[in-house]
Amino acid sequence: MMQTKSSCRQLISLGAAFALCWAIPVQAGALPGGKPVQSSRIADEAPLSSSLTGNVLAAVVFMERRDVSNADIALYQAVKAGMTDPPFIFMAMRTAAIDAGPEAAQRAVELAAMLPDGNMVQILRGNGAVYAGRWAEAERLFMAPSVNPGLMELASPVLRAWSRFGAGNPAAAIALLEQTHQIGIVGAINVLQAARIAASANDPRTEALFRRLHGAGSGLPPMLGYILAVQEADWLAAKHDPAGAERVLKSAATAIPPLALVLEHVRPNAQRVHGLTARQGLASYYFELASMLADPADARSPEHRRPEDSEKNEFRQMLLRQAIWFMPDLAIARISLAEELHREKRLAEAEPLLEGVAADDPLSPVADQALASIAQELRDLPAALAALQRLCRFQPKDVTILAEIGDIQQQLGHSREAIDAFTAALSGVSGMRAGVWPLYFGRALAYDALGERSKAQADLAHALALAPNEPELLNYAGYSDVLRGRNAEQALALLKHATALAPDNAEIRDSYAWALLKQAGDVAAAMPLFVSAADALPTDPEIAYHLGVAYWYRGRHLEARDQWNQALGFHPEKSTQALIEAALEKGPGLDIFEKKASVKKQ
């Protein structure tokens, strides 16, 4: 999407401005003028340690582990235990501001009260006044400082306007916003605040404000375009114009394809206009401000970010935490923050954010999609399954969702449910498309788990016809026949082909070696493959068992028993454990070798 040069300059200025929010222009140990730091007013909380040193050391450990929640508590307890160094208090405030929950938000506010004025300190202290309904104090605190105003120079008019709205003076709030002369995205967001306030107050300027926003709408990021559409639709619903509201949402769905399905499920709600509070307005603004500060670099993984990228992302996280504090059901802020935490691999913090999105929120499918991914990474399969099932009710014919449900059901041991999911997915696609083979493969695994081998073989045949060069598929098809002692020539051919396609895959090398040993009795050919597989995966119990069998039939019985005893220590599955124990008791007893021994005896 093209941006004007002026909007690009605006974003560059924001990138420089946000950094000033984190700066604290004081010397260690004193406030400006040499005044000592005042004692904390924070309520008592059970400390992690009874000593200042203990809490400081604990904070260092938790921060190294990226454990924000415990680092927050430890830093706070260190301040409470007597740490008066302003930069340390500032660090404790920053950490509390990105921690989860209203208690952390209150800690950030109270720590901010111990510091001199500055961008971030004033925002947090002002938020504390807003939360308590002290509107005049909030407006005073939201005034931009005269020195290094940074982001506050841009945000101050909006923050003060919402304070005036909270005090019951919407006209004064709109007047303040009309005095700003911002351009680009910043200007559009300011106009959106004025439109919100005007709509809630039934101000005659509302329609003109929305018209101004339509002029800037093509340059807004998708999520801000979504917010604008919902806001205008709600206002039209409040005006008893349902057709107009529907028209706005349909137009937005056409203009923002990624959110088209979500917009189809939005129901205009006049109550969101009439019942608007200053906290809700500020919550939305903080989300919009965080979105405005985003850029493509934010998608980089944490290890590839520059220090300034990490600081900016931390600032955005603070804005989103404040938004959620003011409006816990603000789904768009929860999703945005969860995505950022997901990128930073802070999965345990991201998951509850998404679980907090209401099932009837239009954005719940977006939240469920993200939740399913995060829960799978956490190996929280029940949570992933629940999220995917909710998503499936929203998009019942989505093949990708059905396939993921089938895969998770199979991992949970629900093979019949997995078959149902894969079958539903297959009913929605052409059975002979190349990309369909994983559905047949997944269903074959489920059929095999239920002992329905003929159905599994039929699905494997379909999959192999569509994807004859997929190593994992070839490996399973061949190895499953080897385990059952069937189709020896075909199994060897499939596994030989899989090994040629994936020579570095130790599990596939082991499968091929087991076929050579069990089906062909070729110890010489199998042995080097087993050894290389065991070297690559030294704690795999099945590979260790197989290598032991090869040693046994080479006459190296002591080495065989050593491999099997090691394998028992690698926590094998029950079926593999039974084979190992039987081999230790009376040898492996492979049919092809037993028959050869029987012929020799005769």
Less than 4.5 Å apart, side chain to side chain, heavy atoms only: is that true for [X] and [Y]?
X	Y	result
Y285	Q322	no
V158	S156	no
F165	I174	no
I324	L353	yes
F88	L75	yes
E232	H214	yes
F326	Q280	no
L388	I408	yes

With a 4.0 Å cut-off, would you call [X] and [Y] a salt bridge?
X	Y	answer
R211	E207	yes
D99	R321	no
E264	K250	no

With distance as the sole test, does [X] use its side chain to make a donor-acceptor pair with the main-chain N or O of [Y] at under 3.5 Å?
X	Y	result
K312	L293	yes
R334	V357	no
W135	G166	yes
S163	L159	yes
T180	L177	yes
E340	S336	no
Q122	M143	yes

Considering only residues two or more places apart or on different chains, which pairs with a residue in residues 234-247 satisfy side-chain hydrogen bond (donor to acceptor under 3.5 Å, both in side chains)?
D234-R272

Compare every heavy atom of [Y] with every heavy atom of [X], then report the nearest pair and how far apart it is.
X	Y	answer
A403	F422	O-CE2, 3.7 Å
A144	M152	CB-O, 3.8 Å
V121	P116	CG1-O, 3.4 Å
V429	V399	CG1-CG2, 3.4 Å
T206	A195	CG2-O, 4.1 Å
A383	E355	CB-OE2, 4.4 Å

To the nearest 0.5 Å, what is the distance between [atom1] on [X] and [atom2] on [Y]?
X	Y	atom1	atom2	result
L236	Q231	CG	CD	10.5 Å
Q77	N70	CD	CG	11.0 Å
I89	Y76	CD1	OH	13.0 Å
L249	L259	CG	CG	12.0 Å
M318	L337	CE	CG	12.0 Å
M223	L228	CE	CG	14.5 Å

side-chain contact (heavy atoms from CB on, under 4.5 Å), that's the test. Do M327 and T277 meet it? Break it down for me.
CA-CA 10 Å; M327 193 175 175; T277 68; over 6 Å; no

For [X], check ring-ring contact (aromatic ring centres under 6.0 Å, His included) against everything at least two apart and list the hits.
X	result
Y286	none
Y131	W325
H265	F394

Over 12 non-hydrogen atoms of neighbours within 6.0 angstrom of CG in D329
yes

Would you indicate whether E178, at its atom CD, is surrounded by more than 12 heavy atoms from other residues, nucleotides or ligands within a distance under 6.0 Å?
yes

Atom pairs and distances, side-chain donor-acceptor, residues 363-375, under 3.5 Å, sequence neighbours left out:
| from | atom 1 | to | atom 2 | distance (Å) |
| --- | --- | --- | --- | --- |
| S364 | OG | A359 | O | 3.2 |
| S364 | OG | D361 | O | 2.9 |
| D368 | OD1 | R390 | NE | 3.1 |
| D368 | OD1 | R390 | NH2 | 2.7 |
| D368 | OD2 | R390 | NE | 3.2 |

Residues Y226, I332; criterion side-chain contact (heavy atoms from CB on, under 4.5 Å); working and verdict
CA-CA 10 Å; Y226 167 84; I332 201 166; 4.1 Å; yes

I would like to know whether R94 and M120 meet side-chain contact (heavy atoms from CB on, under 4.5 Å); could you show each step before the answer?
CA-CA 9 Å; R94 284 174 55 175; M120 188 51 51; 5.6 Å; no

Only one of E137, R160, R125 forms a side chain to side chain contact (heavy atoms under 4.5 Å, CB included) with F142, so which one is it?
R160

Please list, chain by chain and in numerical order, all residues satisfying side chain to side chain donor-acceptor pair (under 3.5 Å) with E404, sequence neighbours excluded.
Q376

Stepwise side chain to side chain donor-acceptor pair (under 3.5 Å) test for Q317 and N313:
CA-CA 6 Å; Q317 289 174 32; N313 285 323; over 6 Å; no

Should S284 and E288 be marked as a side-chain contact (heavy atoms from CB on, under 4.5 Å) after you check the CA-CA gap, both sets of side-chain angles, and the distance that decides it?
CA-CA 6 Å; S284 294; E288 290 146 15; 3.8 Å; yes

